[in-house]
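Working notes, structure below.
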Number of protein chains: 2
Amino acid sequence: MATIYEVSKLAGVSLATVSRVMNNNVNVTDITRKKVMSAMTELGYRPNSIAQSLASNCSNSVGLLVSELSGPFYGPMMGGIENTFRDQGKHVIIAAGHSDKKREEQAIEFLISRNCDGLILHVEAVTDEYLIKLSKGKTPFVLLNRYISELAERCIILDNVHGGYLATKYILEQGHTDIAYISGPLWKKDAQDRLSGHKKALQEFNHAFDEQLLYEGDFMENSGAQGYTQLHNSPHQFTALICANDEMATGAMASARECGVTLPNELSIIGFDNVFFTRHVYPPLSTINYPIDEMGNMAANWILSNVYQKTTAELQTVFKPELIIRQSIIKHQ
Amino acid sequence: MATIYEVSKLAGVSLATVSRVMNNNVNVTDITRKKVMSAMTELGYRPNSIAQSLASNCSNSVGLLVSELSGPFYGPMMGGIENTFRDQGKHVIIAAGHSDKKREEQAIEFLISRNCDGLILHVEAVTDEYLIKLSKGKTPFVLLNRYISELAERCIILDNVHGGYLATKYILEQGHTDIAYISGPLWKKDAQDRLSGHKKALQEFNHAFDEQLLYEGDFMENSGAQGYTQLHNSPHQFTALICANDEMATGAMASARECGVTLPNELSIIGFDNVFFTRHVYPPLSTINYPIDEMGNMAANWILSNVYQKTTAELQTVFKPELIIRQSIIKHQ
DNA sequence: GATATAAATGTAAGCGCTTACATTTTATGT
DNA sequence: ACATAAAATGTAAGCGCTTACATTTATATC
């Protein structure tokens, strides 16, 4: 591979001049620029980005840590992020944390040791303290889907409380009074928030929250199925089921059908996240929209603005969930 | 950040020695190794991977190009790949090609200019010639889901012909004789192959292939819906529909239901790929399994073996599809 | 046209590592 | 104890760029 040195020789200029035409282009005569450019194309020169990084102390790479690379939730998020960055010549290095404290920490270390200029973190298991300490370090980062008051300006979140509220409110408005709830793991903030939104709506409608109708799942499909079975077999009746995410709702639907329950006639269900397959389940699942792609985009913009000093669209940190109505809920008489 | 130089000073050894303990560890006394190690931890030293790359001419990064970051197909593939690599201290740089020739080429250029040691390519639009030329270059790559005879040993593929054959054979065995087919875009090799598998099965059962019952889609959900509508409105009857992937099958199912067709009683459907949501659609979709995660894994192993000289499990290039039977198909009398 | 000023270009010192080669230390055999 | 080979360590030259600073060249001012 040709180096800058050969280009400079062929063009009859110095290294610095070649470097200048590669970069900001400031203070170079058109004529020398042309000489250099044609030398470059003649040699098929392409800058060595590693050497650039070392010399400039900027790797032009941003680290992206998600819980899983697969699954309906992260794909759109990554898509939005990659798109924004590649246009800017930045590249994204991905890692998966698998919702495990140790693996998340390792992944962050890994990304930092890779000289990422900035990090986009969707972490779940790592502690607030860890992140606060990390924020003192020299690698800037944004947090997706996590709120830490000390780091507020770098948290891009969904208003989960409001989302939980919207779901329950809609169910209540449809006349349901006996409502079961399958939550996420309650050590996770978003699971808590969605549940408190639920309680808030209940309170507003003067309905008591019934602990017996709560099942704590883990956001995975199976726990939805298990949760439903357990609730179904308890003495408590319910005509509507709220699930803290779509995966669990799907599991619950399968389980309900196995119990001989007709959907949606005998049981109304609502999920959360609006992952793309909710349209395909039967009956099509009502849910709460989580604009994860937009939020990924915003995270990318945050980095562009805070790390690379690019001017971007205005940064927004709190996103609003929206109710998506499909056929999985019926009016209760 | 501490550099190797400070470590060497604190440990009272030379740069080279520090470098040695970081690397192969060969020819270093235990005692000096310990001195160096403790100096490292004392300083919180972490090697600068950019400098390492420049000096060693190896970036420890591999580029991964997929068509989309989202969608049910690529997630599992990326997951398998990332997993394999991070264990080995390699990182993966991702890019999306969006099935567009120009964007795919750009992405490849980008990845190469990023000094990736190797590439895993899932490309669709780029020509064979381009790839053959690329193979003459210095960056090694594997191809996922694409076969080019000149590059056979670096193609990791599914036997799509056999997959198409299996699907059709099963439908035929269920007694169906009037079978519609929604294909992928026929400029894509996999779409062609699946269709020829279909024809092969037909022939084996002495059924003529009816051009009128073929619709060429684009592997996306909408085209499945459109395809179904068109086939439904044509004068030709059919009791079974084979779709070249699950997305189109899903679209066709929605469309069939809108046309008032009861599934699976009035129409049997089979898809292809076995993406995870096929279990959730209604009725659960029979399909052909595409072991994309394993194939991603294998691609990673290929790189490990061919680029990094690691010994890995034996490399396999052709994977076998399997029939997955669910409830979307009934026997035809 | 001489001088001051600005613009364009060149020079050379790093960025933080690896590694060929040189040198020193240690082990081995007699 | 000494020569010799082997092992451990040190020296220094890069890897391909960027950039502060120095120098040269063009432009403006009177």
Please tabulate, for side-chain N and O atoms in residues 292-304 of chain A, each donor-acceptor pair with protein atoms closer than 3.5 Å (sequence neighbours left out).
unit_1: A:Asn297; atom_1: OD1; unit_2: A:Thr84; atom_2: OG1; d: 2.9
unit_1: A:Trp302; atom_1: NE1; unit_2: A:Glu153; atom_2: O; d: 3.3

Report yes if at least one side-chain N or O of B:Ser19 is closer than 4.0 Å to OP1 or OP2 of C:dT19; otherwise report no.
->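 So the side chain of B:Ser19 is outside the cut-off, no N or O lying under 4.0 Å from OP1 or OP2 of C:dT19.
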Do the non-hydrogen side-chain atoms of B:Asn60 and A:Arg114 ever get within less than 4.5 Å of each other?
->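 When only atoms from C-beta onward are counted, A:Arg114 and B:Asn60 do touch, with a gap below 4.5 Å.
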Value in whole Å for how far the [atom2] atom of [N] lies from [atom1] of [X]:
X        : N      : atom1 : atom2 : answer
A:Tyr5   : D:dG14 : OH    : P     : 12 Å
A:Arg33  : C:dT9  : CZ    : C1'   : 13 Å
B:Met40  : C:dG16 : CE    : P     : 15 Å
A:Asn115 : C:dG16 : CG    : P     : 10 Å
B:Asn23  : D:dT9  : CG    : C1'   : 15 Å
B:Glu6   : C:dG16 : CD    : C1'   : 11 Å
B:Lys34  : D:dA8  : NZ    : C1'   : 16 Å
A:Asn27  : D:dT25 : CG    : P     : 17 Å

Selection: residues 47-56 of chain A, any non-hydrogen atom under 4.0 Å of DNA chain C |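 By residue number: A:Leu54, A:Ala55.
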Just compare C:dG16, D:dT9, D:dC17 and give me whichever is closest to any side-chain atom of A:Thr3.
->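 Of the options given, the side chain of A:Thr3 lies nearest D:dC17.
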Please list every donor-acceptor pair under 3.5 Å in which a side-chain atom of residues 4-16 of chain B meets a protein atom from a residue at least two apart or in another chain.
unit_1: B:Glu6; atom_1: OE2; unit_2: B:Thr3; atom_2: N; d: 3.4
unit_1: B:Ser8; atom_1: OG; unit_2: B:Tyr5; atom_2: O; d: 2.7
unit_1: B:Ser14; atom_1: OG; unit_2: B:Ala16; atom_2: N; d: 3.4
unit_1: B:Ser14; atom_1: OG; unit_2: B:Thr17; atom_2: N; d: 3.4
unit_1: B:Ser14; atom_1: OG; unit_2: B:Thr17; atom_2: OG1; d: 3.3

Output a table of donor-acceptor pairs, distance under 3.5 Å, between side-chain atoms of residues 26-40 of chain B and any protein atom two or more places apart or on a different chain; print 'none' if there are none.
unit_1: B:Thr32; atom_1: OG1; unit_2: B:Thr29; atom_2: O; d: 3.1
unit_1: B:Arg33; atom_1: NH2; unit_2: B:Asn25; atom_2: O; d: 3.4
unit_1: B:Arg33; atom_1: NH2; unit_2: B:Val28; atom_2: O; d: 3.4
unit_1: B:Ser38; atom_1: OG; unit_2: B:Lys34; atom_2: O; d: 3.3
unit_1: B:Ser38; atom_1: OG; unit_2: B:Lys35; atom_2: O; d: 3.1

Who are the side chain to side chain contact (heavy atoms under 4.5 Å, CB included) partners of A:Ser61, not counting sequence neighbours?
->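 Testing A:Ser61 for side chain to side chain contact (heavy atoms under 4.5 Å, CB included), a comparison that skips the adjacent residues, returns A:Ser59, A:His91, A:Ile93, A:Cys116.
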Kindly write out the residues that satisfy side chain to side chain contact (heavy atoms under 4.5 Å, CB included) with A:Ala51, not counting sequence neighbours, or none if the list is empty.
->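 For A:Ala51, the residues satisfying side chain to side chain contact (heavy atoms under 4.5 Å, CB included) (neighbours in sequence not counted) are A:Asn48, B:Leu54.
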Close residues, residues 8-16 of chain A, relative to DNA chain D [heavy-atom separation under 4.0 Å] =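 Only A:Ala16 qualify.
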For DNA chain D, whose closest nucleotide is more 5', that of A:Met22 or that of B:Thr17?
->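 Final value for this comparison: B:Thr17.
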Which pairs, protein N/O on one side and nucleotides 21-28 of chain C N/O on the other, fall under 3.5 Å?
none

Pairing residues for A:Arg20 by the side chain to side chain donor-acceptor pair (under 3.5 Å) criterion, not counting sequence neighbours |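 Partners of A:Arg20 under the side chain to side chain donor-acceptor pair (under 3.5 Å) test: none.
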ring-ring contact (aromatic ring centres under 6.0 Å, His included) contacts touching residues 92-136 of chain A (sequence neighbours left out) |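 Pairs touching residues 92-136 of chain A that pass the test: A:Tyr74-A:His122.
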Which residues pass the salt bridge (Lys or Arg N to Asp or Glu O under 4.0 Å) test with B:Lys90, sequence neighbours left out?
->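 Once residues adjacent in sequence are excluded, B:Lys90 has no partner under the salt bridge (Lys or Arg N to Asp or Glu O under 4.0 Å) criterion.
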Pairs flagged by salt bridge (Lys or Arg N to Asp or Glu O under 4.0 Å) wherever residues 62-82 of chain B is involved - sequence neighbours left out =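 Non-adjacent pairs meeting salt bridge (Lys or Arg N to Asp or Glu O under 4.0 Å): B:Glu82-B:Arg86.
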Does a donor on one side chain and an acceptor on the other come within less than 3.5 Å for A:Asn160 and A:Tyr290?
->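 No, A:Tyr290 and A:Asn160 have no side-chain donor paired with an acceptor closer than 3.5 Å.
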